[in-house]
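Quick notes on the structure that follows.
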Amino acid sequence: MPDSDIAVRTEHLVKRFGGFVAVDDVTLDVRRGEIFGFLGPNGAGKSTTIRILCGLLAPTSGRAEVNGFDVARQPEDVKQSIGYMSQKFSLYDDLTVGENIEFFGGVYGVSPARLAQRADAVLRMAGLTEQRRSLTRSLAGGWKQRLALGCAILHEPPILFLDEPTSGVDPIARRQFWDLIYEMAAAGSTVFVSTHYMEEAEYCHRLALMHRGRMIALGPPAELRAAEAPGATMDDVFIASIEREEARPQ
């Protein structure tokens, strides 16, 4: 597809920590406006790949581009064009909801006039308008999650990276969070999200299955299931993909 249609591209991406290979030859393209999922257990290489794509880690070899910027040579440009939400939410519990928004607005360089508008929009999106002066530590997990998402999109980035964003919240909060993701994608945002929940795989337009740093399957969830066997679940696809990967000559 044309380069202008690509939001994220990796080519033979590798990240080593000493003798440990955390990301092993990952090649993929993510289209603009796509909800792209990384599915795999802890230690599969999902978070490391995302940190490379966010300009937070340098790759050992291979290359990656985000919004047209090379992550190794232009990490600061990458950081300015993305939103990033880590699995720990990155919020300050001793600040109020409004103070967290103001802080992250400053981090992203949002002007005071624009921040006032964006803060109101974020509070409405998160359903926290009435809690603007509440301490963040008093919020339930699902509300902290929404606030963290709001802080990540204050500067209206075209590409959003969500690293295990629904870990530790209840199923209802997870479903509500995915409703917000769909709204952002419908408005034109590209959303790159990692998860270890099999049911969340079905929410993505396309999905990469990760195992021990390698990408072992790639495609729309329905196509991955259909290619495996009639009536196959994502659990079936993942288990079969791992078995094929383990049987592959090294």
Side-chain angles (χ1 to χ4, degrees), residues 7 33-38 46-47 50-51 54 56 79-205:
E34 184 173 33
I35 301 174
F36 186 89
F38 253 9
K46 306 186 304 297
S47 293
I50 285 178
R51 288 172 187 151
C54 290
L56 302 174
K79 292 172 188 175
Q80 290 300 313
S81 67
I82 65 168
Y84 171 58
M85 178 179 165
S86 72
Q87 52 190 302
K88 297 300 183 183
F89 299 165
S90 303
L91 298 170
Y92 290 91
D93 278 349
D94 54 346
L95 297 181
T96 67
V97 169
E99 288 168 343
N100 263 294
I101 292 173
E102 290 175 11
F103 173 80
F104 283 98
V107 169
Y108 287 122
V110 182
S111 68
R114 182 59 179 156
L115 180 57
Q117 298 175 344
R118 292 295 298 150
D120 288 341
V122 162
L123 289 168
R124 289 194 301 272
M125 178 275 293
L128 289 168
T129 301
E130 300 302 319
Q131 284 75 41
R132 187 173 199 145
R133 293 179 176 81
S134 299
L135 282 175
T136 300
R137 69 164 62 95
S138 69
L139 300 178
W143 297 111
K144 281 187 178 182
Q145 177 196 54
R146 286 167 168 252
L147 175 59
L149 176 63
C151 289
I153 61 172
L154 273 168
H155 55 310
E156 300 179 280
I159 304 172
L160 183 62
F161 289 93
L162 307 176
D163 189 9
E164 300 275 4
T166 60
S167 180
V169 299
D170 63 78
I172 293 176
R174 288 208 303 267
R175 178 64 259 189
Q176 292 171 338
F177 189 82
W178 275 93
D179 288 340
L180 295 175
I181 291 176
Y182 275 119
E183 289 175 12
M184 288 186 293
S189 297
T190 303
V191 183
F192 195 121
V193 57
S194 69
T195 182
H196 59 265
Y197 295 113
M198 290 293 175
E199 69 270 21
E200 291 190 342
E202 302 289 349
Y203 303 153
C204 301
H205 296 142

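These values consider heavy atoms only, across backbone and side chains, with no hydrogens, waters or symmetry-generated copies.
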Do the non-hydrogen side-chain atoms of [X] and [Y] ever get within less than 4.5 Å of each other?
X	Y	result
Leu149	Met184	yes
Ser138	Gln131	no
Leu56	Lys79	yes
Thr96	Arg132	no

What distance do [X] atom [atom1] and [Y] atom [atom2] have between them, rounded to the nearest 0.5 Å?
X	Y	atom1	atom2	result
Phe103	Cys151	CZ	SG	9.5 Å
Lys144	Asn100	NZ	CG	10.0 Å
Leu162	Thr195	CG	OG1	10.5 Å
Cys54	Phe161	SG	CZ	5.0 Å
Leu128	Leu139	CG	CG	6.0 Å
Asp120	Leu115	CG	CG	9.5 Å

Partners passing ring pair (Phe, Tyr, Trp, His ring centres under 6.0 Å) against Tyr197 (at least two apart in sequence or in another chain):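 Once residues adjacent in sequence are excluded, Tyr197 has no partner under the ring pair (Phe, Tyr, Trp, His ring centres under 6.0 Å) criterion.
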
Those residues that, when tested against Tyr108, pass ring pair (Phe, Tyr, Trp, His ring centres under 6.0 Å) (two or more places apart): His155

Stepwise side-chain contact (heavy atoms from CB on, under 4.5 Å) check, Glu102 with Leu95: CA-CA 10 Å; Glu102 290 175 11; Leu95 297 181; over 6 Å; no

Donor-acceptor under 3.5 Å (Arg174 side chain, Thr166 main chain): no

Backbone N/O of Gly33 and side chain of Thr190: donor-acceptor pair under 3.5 Å: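 Side chain of Thr190 to backbone of Gly33: a pair is present.
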
Tyr182 atom OH, over 12 foreign heavy atoms within 6.0 Å: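 Result for OH/Tyr182: enclosed.
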
Contacts of Arg175 that satisfy salt bridge (Lys or Arg N to Asp or Glu O under 4.0 Å) - sequence neighbours left out: Asp179

Plane angle bin for Phe38 and Phe192 - parallel if under 30°, tilted between 30 and 60°, otherwise perpendicular: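 If you compare the ring of Phe192 with that of Phe38, the planes turn out perpendicular.
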
Set of side chain to side chain donor-acceptor pair (under 3.5 Å) partners for Glu202, sequence neighbours left out: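 Once residues adjacent in sequence are excluded, the partners of Glu202 under the side chain to side chain donor-acceptor pair (under 3.5 Å) criterion are Arg225.
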
Closest non-hydrogen atom pair between Gly127 and Arg146, with its separation: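 Shortest heavy-atom contact: N-NH1, 4.4 Å.
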
Heavy-atom closest contact (Phe36 atom, Cys204 atom, distance):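 Between these two residues, the closest heavy atoms are C-SG, 4.5 Å.
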
Pairs touching residues 133-152 that satisfy ring pair (Phe, Tyr, Trp, His ring centres under 6.0 Å), sequence neighbours left out: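 Ring pair (Phe, Tyr, Trp, His ring centres under 6.0 Å) check on residues 133-152 returns no pairs.
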
Contacts of type side chain to side chain contact (heavy atoms under 4.5 Å, CB included), residue Ala116, not counting sequence neighbours: none

side-chain hydrogen bond (donor to acceptor under 3.5 Å, both in side chains) between Ser86 and Asp163, worked out: CA-CA 5 Å; Ser86 72; Asp163 189 9; over 6 Å; no

